[in-house]
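Order of the sequence lines fixes the chain letters, A, B, ..., with proteins taken first and strands second; residue numbering starts at 1 for each chain.
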2 protein chains.
Amino acid sequence: MYTILILPNTKKGVKLHAMKQRRANQIQEALEHAIFVGEFSDGDRLDEVTLSNRFNVSRTPLREAFQALAASGFVELQPGRGAFVRHPSPTELVEMFEVMAEMESFCARLAARRMGPEELQEFRKATDDCDIAREGGDPDVYYWENERFHALLYQASGNSFLASEAAKLHRRLQPFRRLQLRGRGRMNQSMDEHRTILNAIDAGDSNAAAAAARDHVSVQGEKFTDLMSNIARAKEKPAA
Amino acid sequence: MYTILILPNTKKGVKLHAMKQRRANQIQEALEHAIFVGEFSDGDRLDEVTLSNRFNVSRTPLREAFQALAASGFVELQPGRGAFVRHPSPTELVEMFEVMAEMESFCARLAARRMGPEELQEFRKATDDCDIAREGGDPDVYYWENERFHALLYQASGNSFLASEAAKLHRRLQPFRRLQLRGRGRMNQSMDEHRTILNAIDAGDSNAAAAAARDHVSVQGEKFTDLMSNIARAKEKPAA
DNA sequence: GTCAACGGTTTTGTATACAATTTTGATTTT
DNA sequence: AAAATCAAAATTGTATACAAAACCGTTGAC
């Protein structure tokens with residue numbers, strides 16, 4: 001009855017845990033990337049045998065990857081017909097960004113109310129790191145610091161379910177968001193908005209924090225036209 | 001004892017497109033129900049061979065169902081170890097309801113801004129149907145009209161991605177929400193709140209609509225204690 | 001007595017074989 | 001010529017076989 005208190009292999013067990021089942025996951029990520037860069041167009045069917053050969057696996061793990069892709073919305077699984085890639089339409093993208101904006105807004109609102117001193121410290125650090133990256137001028141470096149900023153914001157909501165859902169949607173929009181940062185002066189604008197969010201949270205002003213986070217993510221005005229032109233450009237060059 | 005696990009026979013007469021791939025889906029729903037009613041406790045491993053025998057299927061479609069359950073958060077898939085059921089803790093439930101409240105609030109806000117006359121007509125009809133069901137006094141009848149009310153609210157946001165995500169979370173919270181309606185006077189309270197939401201949307205008052213929808217879903221005050229006691233009661237009676 | 005190592009057993013992960021369904025294309029009918 | 005028919009081919013869905021890893025009780029060393 002008390003044997004559960006004795007864990008024989010705990011020391012080595014740490015490494016043993018996340019070892020397998022990586023196959024379907026790797027395939028999933030590879031296919032996600034392939035879909036995004038345009039190797040597969042909207043409506044294309046992902047052929048099981050072809051991809052099995054390409055990845056040197058059987059159809060079984062491949063189909064598992066298909067299901068994961070379907071759960072993330074990258075493909076649509078039509079029973080008896082196959083997996084068809086689903087590129088988000090401009091309308092869908094705007095809708096997704098609209099939801100993302102609201103989620104980040106809510107995270108910021110909760111963060112302003114709930115964030116503790118040590119979390120705030122870390123958040124401020126991440127914001128400063130963004131600034132350092134901005135000064136460096138490399139969009140890719142800034143991109144990763146930006147990722148950390150947003151991840152911390154989600155955590156700071158104090159609602160781990162919300163944080164998880166926000167991260168999920170964020171990941172799905174990742175490629176499009178990345179394009180957004182390449183425009184002239186976009187990094188500076190993003191940085192300013194980060195500061196505004198941080199200051200509002202620091203001041204405990206939940207309404208201001210919510211508004212700032214919403215404006216940061218919302219695709220309106222120039223951001224909207226930027227997004228549209230990026231989509232159009234991505235469509236022009238199918239296979240990078 | 002196993003009656004709930006028996007799958008309905010597949011009809012062969014249907015020639016529509018979505019005919020196959022139903023197997024994993026049926027299994028998924030059966031397992032969802034079995035998990036919710038408490039046949040499996042938190043942390044239990046779902047044994048593949050045992051369940052294969054119960055459902056009279058091979059491990060392949062069963063594992064597909066596992067993946068779908070994992071995507072919905074009902075189980076956690078540990079590589080090399082198996083599928084372990086994850087009952088939401090009270091904390092998680094509160095978090096999920098907090099997010100649900102914010103999503104419905106956003107739907108209502110958008111609906112107040114965007115809803116057209118014909119949609120409004122339908123929405124009003126659904127609200128009236130709720131009232132009729134309330135007068136009938138049967139919580140189950142009211143439950144279904146209530147479902148329609150919320151589904152229409154999601155659609156009315158004019159953001160189909162938001163509507164889809166809201167419906168997904170709504171479905172996940174469905175069993176807990178259902179328990180909420182059984183308390184004394186809960187139907188009347190719910191109905192009043194529906195009216196408030198409808199009136200705010202009708203008046204085009206997006207702030208009022210957002211607030212009303214948030215209050216309707218939010219678990220605070222009595223609703224919070226009700227939810228907690230329902231959870232406790234569900235834990236007492238493991239297998240219904 | 002505790003801990004580590006070991007081998008048999010169980011369970012999961014993957015490959016392959018088979019069944020069922022859909023697609024395709026040629027042929028026939030109107 | 002367009003539509004319907006139907007059988008062959010291709011493709012997905014499912015079952016089973018096999019490989020690899022995890023679990024478990026035992027044994028042995030310290």
Cation-pi, A:F84 ring and A:R45 (6.0 angstrom, 45 degrees): no
Rounding to a whole Å, what distance do you find between [X]:[atom1] and [N]:[atom2]?
X	N	atom1	atom2	value
B:N56	D:dT16	CG	C1'	16 Å
A:E64	C:dG13	CD	C1'	8 Å
B:L62	D:dG13	CG	C1'	15 Å
B:N53	C:dT11	CG	C1'	14 Å
B:E48	D:dT14	CD	P	16 Å
A:Q67	D:dT12	CD	P	14 Å
A:Q26	C:dG13	CD	P	15 Å
B:I27	D:dA15	CD1	C1'	13 Å

Verdict with reasoning, B:E39 to B:R54, per salt bridge (charged side-chain N to carboxylate O under 4.0 Å, His left out): CA-CA 14 Å; B:E39 180 169 351; B:R54 278 197 200 174; 3.0 Å; yes
Among [options], which nucleotide sits nearest the side chain of [X]?
X	options	value
A:R23	D:dT11, D:dG13, C:dA15	C:dA15
A:R45	D:dT11, C:dT11, C:dA15	D:dT11
A:V57	C:dT22, D:dG13, C:dA15	C:dA15
B:R63	C:dT11, D:dA15, C:dG13	C:dG13
A:S58	C:dT23, C:dT12, C:dA15	C:dA15

Pairwise 5' ranking along DNA chain C for B:T60 and B:F66, keeping only the more 5' one: B:F66
Pairwise N/O distances under 3.5 Å, protein to nucleotides 17-19 of chain D:
none

Ion pair check, A:R148 and A:E145, cut-off under 4.0 Å: no
Residue-phosphate contact under 4.0 Å: A:R81 side-chain N/O, C:dT23 OP1/OP2: yes
Between A:E165 and A:Y154: side-chain donor-acceptor atoms closer than 3.5 Å: no
Stepwise side-chain contact (heavy atoms from CB on, under 4.5 Å) check, A:F123 with A:L153: CA-CA 8 Å; A:F123 192 57; A:L153 178 60; 4.1 Å; yes
4.5 Å side-chain heavy-atom contact, B:L77 and B:Q67: yes
Test log, rule side-chain contact (heavy atoms from CB on, under 4.5 Å), inputs B:R177 and B:R171: CA-CA 9 Å; B:R177 193 190 288 258; B:R171 182 172 181 285; over 6 Å; no
